[in-house]
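First comes the structure, then the notes that go with it.
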Amino acid sequence: MAKLVYSAIASLDSNVADEDGNFDWAVPDEEVHTFINDLDRPLGTYLYGRRMYETMVGWENDHSLAEQSPLMRDFAELWQAADKIVYSGTLEAVSTARTRIEREFDPEAVRKMKASAGRDMIVGGPDLAAQAFRAGLVDEYHLFVAPIVVGGGKRSLPDDVCVKLELLGERRFGNGMVYLHYRTRT
Ligand SMILES: NC(=O)c1ccc[n+]([C@@H]2O[C@H](COP(=O)([O-])OP(=O)(O)OC[C@H]3O[C@@H](n4cnc5c(N)ncnc54)[C@H](OP(=O)(O)O)[C@@H]3O)[C@@H](O)[C@H]2O)c1
């Protein structure tokens, strides 16, 4: 059975973007990016809410990103190699390869995907992930806490979900970010 992982970079007050939609403070530096590349390397499928997908398409469509450094090229190649499922009621077409649109989030379909997938899967952003939390589909959390309080914005985790977690690991980075790795306790 493949695992479904929720991954997010959030402020200390648990927002992935501030009230103006900014998340420049969440951009990983080289050390964090290297770590994220290695976390993402084994993943086979990304489940994206439409908004998160739109912030990620540059990894395939904007070649200047990959040209910035070998590290960025590595991430672009990882991203392009993975399968992507975008959940959206409005998106008419996708602009990246290995990508399909789903019009509804069907927990049973995701459960079946987990049962048949050969590689782990990841879910983001928070609106879509909230539905996966509510359906009990999220097995692990890769949470990066950025050293900032933004006072509001887009919450990383929903209010109406209660999950007991086991801490599997943590890491502190030179830029003040902290990585917390949890798994859902059954
Ligand atoms: N901190 C970081 O590193 C970082 C990185 C990237 C982005 N961000 C931020 O993260 C946020 C993105 O997350 P988000 O929570 O706002 O949005 P999201 O979960 O990525 O996308 C929400 C959209 O997904 C679609 N969707 C959700 N549930 C659905 C369902 N059951 N059936 C069909 N479609 C469904 C809808 O698209 P339609 O409206 O098309 O129907 C909905 O508007 C943005 O604020 C972005 O700026 C932060």
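One-based numbering, in listed order, for ligands and for the atoms of each. None of the values given here were measured: they were computed from a predicted structure. Computed from heavy atoms alone, side chains included, the values below leave out hydrogens, waters and symmetry copies.
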Centroid-centroid distance, Y182 to Y6, less than 6.0 Å: no

Test ring pair (Phe, Tyr, Trp, His ring centres under 6.0 Å) applied to F23 - qualifying residues, sequence neighbours left out: none

Y179-H142 aromatic ring centre distance below 6.0 Å: yes

Within one Ile-Leu-Val-Met-Phe-Trp-Tyr cluster: V16 and F144, side-chain cutoff 4.5 Å: no

Side chain to side chain contact (heavy atoms under 4.5 Å, CB included) evaluation trace for D40 with Y46: CA-CA 10 Å; D40 284 7; Y46 297 88; 3.9 Å; yes

Intermediate values then yes/no, side chain to side chain contact (heavy atoms under 4.5 Å, CB included), I122 and Y48: CA-CA 8 Å; I122 199 164; Y48 280 133; 5.7 Å; no

Residues in the immediate environment of ligand 1 (any heavy atom closer than 4.0 angstrom): I9, V16, A17, F23, A26, G49, R50, R51, M52, T55, Y87, S88, G89, T90, R103, E104, F105, G125, P126, D127, L128, Q131, K154

